[in-house]
Amino acid sequence: MDRKVIIAGNWKMNKTAAEGKALVEALKGLVADVCPSKADIVVCPPFTTIAAVAEAIKGSNIKLGAQNIHWAANGAFTGEIAADMLKELGVEYVIIGHSERRQYFGETDETVNKRVKAALAAGFKPIVCIGEMLEERESGKTEKVLFTQLEGGLAGLTKEDMANVVIAYEPVWAIGTGKTATPELAEETHNFIRMTLNDMFGKEVGEGVRIQYGGSMKAENAKELVAQRNIDGGLIGGAALKADSFAALVHNAIAE
């Protein structure tokens, strides 16, 4: 199946509003030649930077994402953000269950599932993150961990829901470490994720879900990684913080 490439930049806790605006102003021109039918280009700034970025990307082929969403519409949830708040800013994609949220802030498969359902109900496209730690991979538990995260995080979703869901595979051992799975190893894991989705939602649905690679993808390895049958793009960290490196990565990812 021909799935459209999706490259999403996760800025994490980086870039003030002024810095974020400057980044996308530079990025716009560098990716203006990328046809929207060829790839989705997404930037996910911190909450305080979203409004400035939203204004700066108007009329461009860059889409807007957020780094989290709460499952409640409003209420006493200090430090969280609700769907309507993001919707008012023009957000389209929402990252959910990132490994750093799981590792540092107590995110679980259950809370991921609640956030995913809230995001879908509000009309967002969730980027649902899954991935294993180094010790889990070394002890042969990768598939068990990923299966558990998919089963828990996507529980109760319909086949129709899955048309708007993106999965991001993050080998946690390869994030910010400079380590990268070989394209073959990454493809092997993505294939397992695809087969699991086929089992959960049927082959027609599973084959249509886009699966990003989130393990230190950069311009130098983007083409080889995205060339794999089951790797449909990347969830990008460090390489997304500079316009030239992110633009080069996008172009290499869609190069024939």
Side-chain angles (χ1 to χ4, degrees), residues 1-8 34-42 44 61 63 65 69 71 83 91-98 109-110 112-132 142-171 181 183-215 217 222-236 250 253-256:
M1 178 177 287
D2 190 21
R3 294 176 295 267
K4 182 161 62 161
V5 169
I6 175 168
I7 306 291
V34 177
C35 180
S37 66
K38 186 90 173 177
D40 287 326
I41 304 169
V42 187
C44 302
N61 58 352
K63 298 174 183 291
I69 186 173
W71 53 83
V91 167
E92 185 175 344
Y93 289 85
V94 181
I95 299 171
I96 299 175
H98 191 279
D109 294 337
E110 182 183 4
V112 165
N113 185 240
K114 291 165 75 172
R115 295 182 199 274
V116 170
K117 287 176 176 174
L120 287 167
F124 295 118
K125 296 180 175 73
I127 297 174
V128 185
C129 301
I130 61 172
E132 82 281 18
T142 294
E143 291 187 357
K144 181 181 179 184
V145 170
L146 298 181
F147 177 81
T148 300
Q149 291 174 342
L150 286 167
E151 189 177 51
L154 305 179
L157 268 58
T158 65
K159 293 181 178 182
E160 290 72 26
D161 288 334
M162 291 305 295
N164 290 308
V165 171
V166 176
I167 302 294
Y169 166 58
E170 306 179 281
E184 294 75 23
L185 184 61
E187 166 61 16
E188 182 182 310
T189 308
H190 276 239
N191 183 64
F192 170 77
I193 295 168
R194 178 88 56 211
M195 294 305 101
T196 302
L197 293 171
N198 289 351
D199 289 343
M200 291 175 68
F201 298 101
K203 187 170 182 180
E204 185 178 349
V205 173
E207 289 293 327
V209 175
R210 294 185 289 178
I211 308 174
Q212 296 175 309
Y213 178 67
M217 183 184 286
K223 182 176 180 179
E224 199 176 1
L225 283 163
V226 179
Q228 305 299 314
R229 181 186 177 276
N230 290 295
I231 300 180
D232 306 311
L235 181 60
I236 315 302
V250 170
I254 61 174
E256 297 296 338

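- In this structure, CD on Glu92 lies 10.5 Å from SG on Cys44, to the nearest 0.5 angstrom.
- Sorted by first and then second residue, the salt bridge (Lys or Arg N to Asp or Glu O under 4.0 Å) pairs involving residues 154-166 (not counting sequence neighbours) form an empty list.
- Val42 and Gly65 get closest at one heavy-atom pair: CG1-N, 3.9 Å.
- Expressed to the nearest 0.5 Å, how far CG of Asp232 lies from CZ of Arg194 amounts to 5.0 Å.
- With rounding to the nearest 0.5 angstrom, the CD1 atom of Ile7 is 9.5 Å from the CG atom of Leu235.
- Checking each of Thr196, Val128, Asp109 against Gln149 for a side chain to side chain contact (heavy atoms under 4.5 Å, CB included) leaves exactly one that passes, namely Asp109.
- Residue Val112 comes nearest to Gly97 through the heavy atom pair CG2-CA, 3.6 Å, listed as atom of the first residue, atom of the second, then distance.
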| Derivation of the side-chain contact (heavy atoms from CB on, under 4.5 Å) call for Thr142 and Thr189 | CA-CA 8 Å; Thr142 294; Thr189 308; 4.3 Å; yes

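- What you find for Lys4 and Pro36 is that their closest heavy atoms are NZ-O, 2.9 Å.
- Put simply, the side chain of Asn230 reaches to within 4.5 Å of the side chain of Arg3, judged on heavy atoms.
- For the atom pair CZ (Phe147) and CD1 (Ile193), the distance works out to 13.0 Å, reported to the nearest 0.5 Å.
- Other residues, nucleotides and ligands contribute only 12 or fewer heavy atoms inside 6.0 Å of the NZ atom of Lys223.
- The minimum heavy-atom distance linking Asn198 with Gly206 is given by the pair OD1-CA, 3.1 Å.
- Inter-residue side-chain proximity for Leu154 and Met162 is flagged as met; some heavy-atom pair is nearer than 4.5 Å.
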| Between Leu157 and Asn113, is a side-chain contact (heavy atoms from CB on, under 4.5 Å) present by the stated rule, with each step listed? | CA-CA 9 Å; Leu157 268 58; Asn113 185 240; 4.0 Å; yes

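- The side-chain heavy atoms of Asp40 and Tyr93, taken from C-beta on, include a pair separated by under 4.5 Å.
- Glu184 contributes atom CD, which lies 9.0 Å from atom CG of Leu225 (distance to the nearest 0.5 angstrom).
- Counting only distance, with no hydrogens or angles, the side chain of Asn61 and the backbone of Ile41 share no donor-acceptor pair below 3.5 Å.
- The nearest pair of heavy atoms linking Ala155 to Lys117 is O-CE, 3.1 Å.
- Residues Met217 and Val226 form a side-chain contact, since some pair of their non-hydrogen atoms from C-beta on lies under 4.5 Å apart.
- Once rounded to the nearest 0.5 Å, the distance linking CD1 of Ile6 with NZ of Lys125 reads 8.5 Å.
- Remark: Lys144 does not engage Glu132 in a salt bridge, criterion side-chain N to carboxylate O under 4.0 Å.
- No option in Val209, Val205, Val165 other than Val209 meets the side chain to side chain contact (heavy atoms under 4.5 Å, CB included) test with Leu197.
- Between Ala122 and Ala83, the shortest heavy-atom contact is CB-CB, 3.6 Å.
- Inter-residue side-chain proximity for Val91 and Ile69 is flagged as unmet; no heavy-atom pair is nearer than 4.5 Å.
- In this structure Tyr169 satisfies the ring pair (Phe, Tyr, Trp, His ring centres under 6.0 Å) test together with His190, sequence neighbours excluded.
- The side-chain contact (heavy atoms from CB on, under 4.5 Å) search around Gln228 returns Pro183, Glu187, Ile231, not counting sequence neighbours.
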